[in-house]
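Along the sequence shown, the residues carry numbers beginning at 1.
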Amino acid sequence: MTPIYPAAATPDWLDTHTINFRISEDMLKSLLPMGRLRKCKPGETVVSYGSKIDHVGICLTGQFRVLLNSIDGHSQLVRFLTEREMYGVPSALANAPFPTDLVCDKPGELLIITRSNLEARLRSDPDFALALIKNLATRVAELFGFMEAELLPSLRARVYQALMRLAKYHGTPDKRGEDMVLHFTQAELASNVNASRQKVHVELKRMELEGLVVLGYRTITLKSTFFESQT
């Protein structure tokens, strides 16, 4: 019988920390004169689904929700945009409609760079162009992981896959370097797997009893046994 979980990860998986891409602090400093600052408040919609935008944004501080909206009006949390992450590249460069809603979750500030300034920097700075490609590659990899999780047959499998994906992009190794801490609430995880909080809570409690996770206040800690589990 084919396991419903991905192949077992080894403890060395934690050495990679995350596969999320953030531009370097030095590069960010060099970009500051090219853009303007925008302050955002919790609940404020930064960009709406389907919008046409002529700029990219870089998160300087705070945290922003990336949300998918279904035809029935349900919002599904895909991920968080955090410090030194960029959004809007396909929209700015290819004139593509913005694919999600981007909503401020914690008070923050964005650096807004116009299309013309972005294109000028790409033409003159190969390192920045490479950074942009890495940013897009990360987003594509994340998208395929999200799509794969949506096709899994059971809620437990979807919860497991979502935790694996979120750990790769948002996980913080604990002080011992053995476990991975996610600063996500159970409600946010439920939104990510498109299920009710109550059902997700039941699955998480089962995992906790099996020694795979530890549930805390606004945190979910993935034990080393979680990454070794396939059942």
Is there side-chain contact between [X] and [Y], with heavy atoms separated by less than 4.5 Å?
{"X": "Leu110", "Y": "Cys59", "result": "yes"}
{"X": "Leu163", "Y": "Leu204", "result": "yes"}
{"X": "Phe184", "Y": "Thr219", "result": "no"}
{"X": "Thr61", "Y": "Pro107", "result": "no"}
{"X": "His183", "Y": "Val181", "result": "yes"}
{"X": "Asn117", "Y": "Leu31", "result": "no"}
{"X": "Leu222", "Y": "Ile220", "result": "yes"}
{"X": "Met180", "Y": "Phe226", "result": "no"}

*Residue pairs, two or more places apart or on separate chains, that pass salt bridge (Lys or Arg N to Asp or Glu O under 4.0 Å) and touch residues 33-44*: Arg38-Glu44
_Per the salt bridge (Lys or Arg N to Asp or Glu O under 4.0 Å) rule, what does the pair list look like for residues 191-203, sequence neighbours excluded?_
Glu203-Arg206
In chain order, what residues pass the side chain to side chain contact (heavy atoms under 4.5 Å, CB included) check against [X], with sequence neighbours excluded?
{"X": "Lys205", "answer": "His201, Glu208, Leu215"}
{"X": "Asp105", "answer": "Gln63, Arg65, Phe80"}
{"X": "Leu209", "answer": "none"}
{"X": "Ser191", "answer": "Leu77"}

_Once ring pair (Phe, Tyr, Trp, His ring centres under 6.0 Å) is applied, what residue pairs with a partner in residues 85-133 remain, sequence neighbours excluded?_
none
Between [X] and [Y], is there a shared hydrophobic cluster once you connect ILVMFWY residues whose side-chain heavy atoms come closer than 4.5 Å?
{"X": "Val214", "Y": "Val202", "result": "no"}
{"X": "Ile112", "Y": "Val66", "result": "yes"}
{"X": "Leu122", "Y": "Ile133", "result": "no"}
{"X": "Met27", "Y": "Leu136", "result": "yes"}

Between [atom1] of [X] and [atom2] of [Y], what distance do you get to the nearest 0.5 Å?
{"X": "Lys223", "Y": "Asp179", "atom1": "NZ", "atom2": "CG", "answer": "4.0 Å"}
{"X": "Leu60", "Y": "Glu85", "atom1": "CG", "atom2": "CD", "answer": "12.5 Å"}
{"X": "Leu67", "Y": "Leu102", "atom1": "CG", "atom2": "CG", "answer": "8.5 Å"}
{"X": "Leu155", "Y": "Ser196", "atom1": "CG", "atom2": "OG", "answer": "8.0 Å"}
{"X": "Arg158", "Y": "Leu189", "atom1": "CZ", "atom2": "CG", "answer": "10.5 Å"}
{"X": "Gln161", "Y": "Arg156", "atom1": "CD", "atom2": "CZ", "answer": "13.5 Å"}

Distance-only donor-acceptor hits, side chain of residues 45-58, under 3.5 Å, sequence neighbours excluded:
{"residue": "Ser51", "atom": "OG", "partner": "Ser48", "partner atom": "O", "Å": "2.8"}

*Can you name the closest pair of heavy atoms from Leu118 and Ala92 and give their distance?*
CD2-CB, 4.4 Å
_Which atom of Arg84 lies closest to which atom of Ile23, heavy atoms considered_ = NH1-O, 2.7 Å
_For the residue pair Arg79 / Asn192, report whether a side-chain donor-acceptor contact shorter than 3.5 Å exists._
no
*For Glu188 and Thr185, indicate whether the former's side chain and the latter's backbone hold a donor-acceptor pair under 3.5 Å.*
yes
_Listing request: all side-chain hydrogen bond (donor to acceptor under 3.5 Å, both in side chains) pairs with a residue in residues 118-131, at least two apart in sequence or in separate chains._
Ser30-Arg121, Arg121-Asp125
